[in-house]
Peer 1: 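Handing you this structure, nothing more for now.
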Amino acid sequence: MDECQQAGPSIVEIKVVKSSCHLMAEGSRLILEGPCISYEKSGPVCVTALNAIYPWVMLTRFAVKTPALDYDNENQCYHATCPCGTVSYDIRKL
């Protein structure tokens with residue numbers, strides 16, 4: 001087991017909660033199992049957005065919760081937006 005998965009792979013959901021992008025429909029989700037995308041459980045992947053929101057993904061994977069980066073205690077997730085400003089995501093550990 002490598003150091004990225006010492007305690008077993010974390011499972012992170014990146015869910016589209018608001019979208020005006022024809023490529024990323026509301027309700028679409030991307031599931032990460034450790035550092036890998038679960039293609040069987042995931043919808044479309046915008047690599048530009050994933051690259052931009054990846055710091056929040058890493059915080060979620062390693063259970064770091066900080067309101068300085070928009071962690072929402074009530075909903076137990078981070079909120080992030082793609083660089084185009086057209087898609088909003090909730091990022092949470094499952």
Side-chain angles (χ1 to χ4, degrees):
M1 186 177 307
D2 63 44
E3 66 183 45
C4 287
Q5 298 186 35
Q6 285 179 353
S10 61
I11 299 176
V12 173
E13 174 191 59
I14 304 167
K15 185 174 183 180
V16 177
V17 293
K18 184 178 176 187
S19 177
S20 60
C21 174
H22 70 282
L23 299 174
M24 301 296 300
E26 282 185 34
S28 295
R29 44 186 229 148
L30 174 64
I31 301 295
L32 302 177
E33 294 176 349
C36 298
I37 296 172
S38 170
Y39 294 106
E40 298 81 28
K41 300 174 186 174
S42 298
V45 178
C46 175
V47 179
T48 301
L50 184 58
N51 184 55
I53 67 173
Y54 206 71
W56 290 268
V57 171
M58 289 299 289
L59 290 169
T60 303
R61 280 188 59 207
F62 293 100
V64 176
K65 301 173 181 177
T66 175
L69 292 173
D70 206 15
Y71 185 76
D72 181 342
N73 274 317
E74 183 178 332
N75 293 302
Q76 297 291 297
C77 68
Y78 278 101
H79 302 295
T81 304
C82 76
C84 300
T86 59
V87 182
S88 297
Y89 301 92
D90 281 354
I91 305 167
R92 66 176 39 86
K93 196 167 189 170
L94 298 180

Peer 1: Considering non-hydrogen atoms only, spot the tightest contact between T81 and I53 and give its length.
Peer 2: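 In terms of heavy atoms, the two residues are closest at O-CG2, 4.0 Å.
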
Peer 1: Which atom pair, heavy atoms only, marks the closest approach of V64 to Y78?
Peer 2: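 So the minimum-distance heavy-atom pair works out to O-OH, 2.7 Å.
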
Peer 1: Got N51 and Y54 here, is their nearest side-chain heavy-atom distance under 4.5 Å?
Peer 2: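 No, too far: nothing below the 4.5 Å cut-off.
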
Peer 1: Give the table of side-chain donor-acceptor pairs shorter than 3.5 Å for residues 86-94, with sequence neighbours excluded, one pair per line with atom names and distance.
Peer 2:
{"from": "D90", "atom 1": "OD1", "to": "H79", "atom 2": "ND1", "distance (Å)": "2.6"}
{"from": "R92", "atom 1": "NH2", "to": "N75", "atom 2": "O", "distance (Å)": "3.0"}
{"from": "K93", "atom 1": "NZ", "to": "R61", "atom 2": "O", "distance (Å)": "3.0"}

Peer 1: With sequence neighbours left out, which residue pairs that include part of residues 34-45 fulfil the salt bridge (Lys or Arg N to Asp or Glu O under 4.0 Å) condition?
Peer 2: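 Sorted result for residues 34-45: E33-K41.
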
Peer 1: From S38 OG over to L30 CG, what is the distance, rounded to the nearest 0.5 angstrom?
Peer 2: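 That separation rounds to 9.0 Å.
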
Peer 1: Please, which pairs that meet salt bridge (Lys or Arg N to Asp or Glu O under 4.0 Å) have at least one residue in residues 45-54, sequence neighbours excluded?
Peer 2: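 Matches after skipping sequence neighbours: none remain.
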
Peer 1: Hydrophobic clustering (ILVMFWY, side-chain heavy atoms < 4.5 Å, transitive) - are I11 and Y39 grouped together?
Peer 2: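 The answer is no; the residues belong to distinct hydrophobic clusters.
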
Peer 1: Which distance, rounded to the nearest 0.5 Å, do you find between the CD1 of I37 and the CD1 of I31?
Peer 2: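 Going from CD1 on I37 over to CD1 on I31, the span is 11.0 Å.
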
Peer 1: Tell me which donor-acceptor pairs under 3.5 Å the side chains of residues 13-25 have, and how far apart each pair is, sequence neighbours excluded?
Peer 2:
{"from": "E13", "atom 1": "OE2", "to": "R29", "atom 2": "NH1", "distance (Å)": "2.9"}
{"from": "S19", "atom 1": "OG", "to": "C21", "atom 2": "N", "distance (Å)": "3.0"}
{"from": "S19", "atom 1": "OG", "to": "C21", "atom 2": "O", "distance (Å)": "3.2"}
{"from": "S19", "atom 1": "OG", "to": "M24", "atom 2": "O", "distance (Å)": "2.4"}

Peer 1: Would you say the side-chain atoms of W56 pair up with the backbone N or O of D70, donor to acceptor, closer than 3.5 Å?
Peer 2: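 Not confirmed, W56 side chain does not pair with D70 backbone.
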
Peer 1: Could I get the full list of salt bridge (charged side-chain N to carboxylate O under 4.0 Å, His left out) partners for K65, not counting sequence neighbours?
Peer 2: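 If we apply the salt bridge (charged side-chain N to carboxylate O under 4.0 Å, His left out) test to K65, skipping adjacent residues, there are no hits.
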
Peer 1: Tell me which pairs pass salt bridge (Lys or Arg N to Asp or Glu O under 4.0 Å) where either residue lies in residues 46-58, with sequence neighbours left out.
Peer 2: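 Qualifying pairs, neighbours excluded: none.
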
